[in-house]
Amino acid sequence: MCKLALAIVVLFAVQDDKKPPPDPKPRISMALPLAISPGVVATITLRGLHLDQVSEVKLSEPVEGASVVVQSKGKAEIPKETDPAVYGDTKADLVIKLPDAFASDKIGLVAINPKGETIPYNLKVIAKEKLIAEKEPNGGFATAQAVDAGQTIQGSINPAMDVDVYKVMGKKGETWVIEVEAQRRGSVLDPLLTMHDAKGHIVATADDTDTSRDPSIRVTLPSDGVYTVTLIDAHNAGGGTHPYLLQLRRD
């Protein structure tokens with residue numbers, strides 16, 4: 001019996017020895033912030049694997065007049081209760097400049113280290129007049145940040161239990177679409193989205209879809225007035241790795 005047990009232990013040890021080593025090539029999991037604008041010098045932090053060894057970050061397709069410069073690199077803080085293989089344990093800080101005339105809605109970033117290069121990571125590009133930053137305090141109806149239709153807010157749920165509230169003016173019969181991009185861009189955030197009318201009544205709410213944690217609301221407004229949109233993390237978590245893009249538009 002002892003010989004059999006020893007043989008099993010040896011067999012598993014041999015199998016473990018045959019496990020392939022971790023892939024040494026770099027991988028990009030997330031870019032912070034999640035979007036940039038043409039004509040604006042942007043400071044971006046890439047999170048991922050083996051990014052502390054990168055020698056270069058370049059655009060996947062050449063763009064005349066664009067530049068990408070690596071400023072620093074190193075280890076990254078691992079979000080609590082997350083898998084570093086998914087969210088990354090290293091980072092690279094970049095400065096990116098796109099020309100004013102750049103018209104695409106994304107750029108591909110490729111990080112290179114001595115062992116290879118990443119597949120292109122698509123960083124969203126939004127015109128500067130349509131991309132606005134979250135402004136604190138915006139944690140309640142009274143301090144809700146005003147937003148125009150067609151704008152995209154770049155924000156984050158930070159710290160834990162943070163609440164971000166935005167307001168728009170709407171008219172009866174208008175159809176509005178409110179959409180969050182977070183998980184799709186590597187964010188740890190699990191967004192929960194709620195729309196209220198001027199009296200504080202819930203008009204619509206949305207959580208996960210069948211394919212993503214990123215919610216969206218499509219709603220026809222029941223009356224004229226101010227509507228507020230509230231965004232929280234479904235688990236009351238938060239931090240620097242919980243960014244989001246929130247778009248509010250008339251359909």
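It should be emphasised that the depicted structure is a prediction, and the values quoted were computed from it without experimental measurement.
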Student: Checking N158 now: which residues fulfil side-chain hydrogen bond (donor to acceptor under 3.5 Å, both in side chains) with it, not counting sequence neighbours?
Tutor: none
Student: Looking only at atom types and distance, does a side-chain atom of T90 sit under 3.5 Å from a main-chain N or O of L51, one as donor and one as acceptor?
Tutor: yes
Student: Which residues pass the side-chain hydrogen bond (donor to acceptor under 3.5 Å, both in side chains) test with T211, sequence neighbours left out?
Tutor: none
Student: Would one find more than 12 heavy atoms of other residues, nucleotides or ligands at under 6.0 Å from atom CD of E77?
Tutor: no
Student: Please find the pair of heavy atoms, one from D197 and one from V203, that lie closest to each other, and give the distance.
Tutor: N-CG2, 3.6 Å
Student: Quick check on I78: does its CD1 atom have over 12 non-hydrogen neighbours (other residues, nucleotides or ligands) under 6.0 Å away?
Tutor: yes
Student: Tell me if a side-chain donor or acceptor on R47 pairs with a main-chain N or O of M30 at a distance below 3.5 Å.
Tutor: no
Student: If I compare all heavy atoms of G88 with all of S29, which pair ends up nearest, and what's the gap?
Tutor: N-OG, 4.0 Å
Student: How many angstroms lie between NZ in K73 and OG in S55, if you round to the nearest 0.5 Å?
Tutor: 6.5 Å
Student: Looking at every heavy atom in both P84 and T82, which two are closest together, and how far apart are they?
Tutor: CD-O, 3.4 Å
Student: Could I get the full list of salt bridge (charged side-chain N to carboxylate O under 4.0 Å, His left out) partners for K199, not counting sequence neighbours?
Tutor: none
Student: About how many Å separate NZ of K106 and CG of L123, when rounded to the nearest 0.5 Å?
Tutor: 11.5 Å
Student: Can you list the residues that meet the side-chain hydrogen bond (donor to acceptor under 3.5 Å, both in side chains) rule with Y244, with sequence neighbours excluded?
Tutor: D164, Y166
Student: Write down the atom of Y87, the atom of S187, and the distance for their closest heavy-atom approach.
Tutor: CE2-O, 4.0 Å
Student: Could you check whether any side-chain N or O of Q145 sits under 3.5 Å from a backbone N or O of N138, counting only pairs where one atom can act as donor and the other as acceptor?
Tutor: no
Student: According to side-chain hydrogen bond (donor to acceptor under 3.5 Å, both in side chains), who are the partners of S104, at least two apart in sequence or on a separate chain?
Tutor: none
Student: What's the shortest heavy-atom distance between G200 and F141, and which atoms?
Tutor: CA-CE1, 4.4 Å
Student: So, taking the atom named OG1 in T152 and the one named CG in L246, what distance separates them when rounded to the nearest 0.5 Å?
Tutor: 8.0 Å
Student: For residues 189-196, dump all side-chain donor-acceptor pairs below 3.5 Å to protein atoms at least two apart in sequence or in another chain.
Tutor:
| unit_1 | atom_1 | unit_2 | atom_2 | d |
| --- | --- | --- | --- | --- |
| D190 | OD2 | H235 | NE2 | 2.8 |
| T194 | OG1 | T205 | OG1 | 3.3 |

Student: Taking salt bridge (charged side-chain N to carboxylate O under 4.0 Å, His left out) as the test, write out the residues that go with K58, two or more places apart.
Tutor: none
Student: Test of understanding: with side-chain contact (heavy atoms from CB on, under 4.5 Å), list the residues that count as partners of Q53, not counting sequence neighbours.
Tutor: H50, N113
Student: Between the side chain of Q154 and the main-chain N/O of L34, is any donor-acceptor distance below 3.5 Å?
Tutor: yes
Student: Taking atom CG of L94 and atom OG of S72, what is their separation to the nearest 0.5 Å?
Tutor: 8.5 Å
Student: Same cluster or not: L131 versus I153, using hydrophobic residues (I, L, V, M, F, W, Y) connected whenever any side-chain heavy atoms lie under 4.5 Å apart?
Tutor: no
Student: Provide the closest heavy-atom pair for I217 versus A204 in the form atom of the first, atom of the second, distance.
Tutor: CG2-CB, 3.6 Å
Student: List the residues meeting salt bridge (charged side-chain N to carboxylate O under 4.0 Å, His left out) with D214, not counting sequence neighbours, and say none if there are none.
Tutor: R184
Student: Pairs of donor and acceptor atoms involving the side chains of residues 39-46, under 3.5 Å and at least two apart or interchain, shall be tabulated with distances.
Tutor:
| unit_1 | atom_1 | unit_2 | atom_2 | d |
| --- | --- | --- | --- | --- |
| T45 | OG1 | D93 | OD1 | 2.7 |

Student: To the nearest 0.5 Å, how far apart are NE2 in H242 and CG in L32?
Tutor: 11.5 Å
Student: Taking only residues at least two apart or on different chains, which pairs with a member in residues 120-147 satisfy salt bridge (Lys or Arg N to Asp or Glu O under 4.0 Å)?
Tutor: K124-E181
Student: Ignoring hydrogens and angles, tell me if any N or O in the side chain of S37 forms a donor-acceptor pair with the backbone of I126 under 3.5 Å.
Tutor: yes
Student: Applying salt bridge (charged side-chain N to carboxylate O under 4.0 Å, His left out), name anything that partners D251, two or more places apart in sequence or on another chain.
Tutor: R218
Student: When you measure from the side chain of T118 to the backbone of A111, do you find a donor-acceptor pair of N or O atoms at a distance under 3.5 Å?
Tutor: yes
Student: Any sub-3.5 Å donor-acceptor pair from R185's side-chain atoms to A31's backbone N or O?
Tutor: no
Student: For the atom pair CG (D233) and CD1 (I157), what is the distance rounded to the nearest 0.5 Å?
Tutor: 7.5 Å
